[in-house]
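Quick notes on the structure that follows.
Along the sequence shown, residues carry numbers from 1. Every value quoted in this text rests on a predicted model; they were computed, and no experiment measured them.
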Amino acid sequence: MEAGDTAWMLTSTALVLMMTVPGLALFYAGMVRKKNILATMMQSFSICALVSVLWMVAGYSLAFGNGNAWIGDLSRLLLGGLEAGWDKPFTLGAGTEGATATTVPESVFLMFQMTFAIITPALITGAFADRMRFSALLVFMTLWSLLVYAPVAHWVWHPNGWIFALGALDFAGGTVVHINAGVAGLVCALVLGRRMGYGHDNMAPHNLALAVIGAGLLWVGWFGFNAGSAVAAGGRAGMAMLVTQVAAATATLAWVFAEWLVKGKPSVLGAISGAVAGLVAITPASGFVLPGAALVIGAAAGVAGFWGATVLKGRLGYDDSLDVFGVHGICGIVGALLTGLFAHGPLSATGAAPEGTAGGLATLLVQAGAVAAVFAFSAAATFVLLKLTDAVVGLRVSEEEEREGLDVALHGERIA
């Protein structure tokens, strides 16, 4: 084991956990109405607790057990067997043809991956803000975490995974996290339907200051998200951190200027949304591209995110409350595809593949295939799980509860 690598991964794990609580909790809470702030924060907080337990029980094993091309195994059920190598370096896919050695213990690797498993379902909650029952949230997120997130993580990141075998590039979660969550959010918005008064009532954010603080925490935490995915404190982590900053900054400006041009004024909400759009788009590319490409990816993400959150949503008429699909889905797709164009081979070079994976038409087609597969699976599986949840506990709060606000209706509390 390398002490420096382990220290960096412990730090990255804490940074990514910070992205959900408090980062995402504040980001989303600042964009809803006052009567739903506590309920919105409760969603992120409770998912953090729920998925942590699910990951320990079965999620990690299903995602990163050797298994087959489609799903892991139960070799780490309840994290059994971890005690045998707790102080030894971990090899992902040990015993398989594509086994990948690391210089950190398995406890650190699985904890780092746990934070990804936490934030992905938490992102989905922004799409159905103000209208899902808390009991439904717990049931749906349990099913989604084990039956959607874990398989997709296995496909993309485990050496046995079928998308991994295709050569698809996803350094830190463009498909696994953002497209997966974005598409699930879109399906949730469609199945639950619009909020009462959508298009008529004033649904402006109650406290954008909270959202700005949340966005700032997301931005800082994202360095752990992307640079931590190198699983080592080396040159690739350094490049991933640099391109993350470049893309986020460029996307912020691109969204602001697009909004300024179209609507006449640059908004605070637009600036923080642009930053998140850039962070999303650079996520799959962060370990594969150079700063010049990051500039292009950030600019594309800022414009695409603005289009997705305004034009696309307006034309199709769905109520994605906090633009989960418009930002995470659309910009995740943009980032995944542009990774296929701009990948710089030496960044992914290994002893077995000294030239790495370079961008080009062939790589772009592989990326497109991975995007399409995750999009289709996430949409279909999410729809089925929502219908199952609805049959068991009911998905949506009553009209009276929605009018009263979820803080009081679901949790018996309110902000003074």
| query | Side chains of F128 and Q43: closer than 4.5 Å at any heavy-atom pair? | reply | yes
| request: Look at the rings of F257 and W260 and say which category their plane angle falls in: under 30° parallel, 30 to 60° tilted, over 60° perpendicular. | output: parallel
| message | Check the orientation of W70 and W162. Use parallel for under 30°, tilted for 30 to 60°, and perpendicular for over 60°. | response | tilted
| request: Would you please test V268 and V212 for side-chain contact (heavy atoms from CB on, under 4.5 Å) and show each step? | output: CA-CA 8 Å; V268 174; V212 172; 3.5 Å; yes
| Parallel, tilted or perpendicular for F325 and Y318, by the 30°/60° rule? | perpendicular
| query | Considering the options C48, P22, S12, which one meets the side-chain contact (heavy atoms from CB on, under 4.5 Å) requirement together with L17? | reply | C48
| said: Any salt bridge linking D320 with K313? Criterion: basic side-chain nitrogen under 4.0 Å from a carboxylate oxygen. | reply: no
| said: Out of the candidates R396, R194, R195, R131, only one should pair with E402 under the salt bridge (Lys or Arg N to Asp or Glu O under 4.0 Å) rule; please name it. | reply: R396
| message | Taking A247's backbone N and O only, do any of them form a donor-acceptor pair with T250's side chain (distance below 3.5 Å, no angle check)? | response | no
| task | Hey, could you give me the CE/CH2 distance between M19 and W222, rounded to the nearest 0.5 Å? | result | 4.5 Å
| remark: In Y149, F377, F164, the residue satisfying ring-ring contact (aromatic ring centres under 6.0 Å, His included) with W155 is F377
| field | Carboxylate-amine/guanidinium contact R133 E401, below 4.0 Å | value | no
| field | Reported CZ-to-CG distance for the pair F306 and L261, which is rounded to 0.5 angstrom | value | 8.5 Å
| task | Supply the atom-to-atom distance M18 CE to L24 CG, rounded to the nearest 0.5 angstrom. | result | 12.0 Å
| Side chain to side chain, L110 and L79, heavy atoms closer than 4.5 Å | yes
| said: Applying the side-chain contact (heavy atoms from CB on, under 4.5 Å) criterion to M141, which one of V51, I124, T389, L54 satisfies it? | reply: I124
| query | Going from CG on L322 to OH on Y28, what distance comes out if it is rounded to the nearest 0.5 angstrom? | reply | 6.0 Å
| task | Report yes if the side chains of F171 and L347 come closer than 4.5 Å at any heavy-atom pair, otherwise no. | result | no
| task | Nearest 0.5 Å please: distance from the OG1 atom of T350 over to the CD atom of E355. | result | 11.0 Å
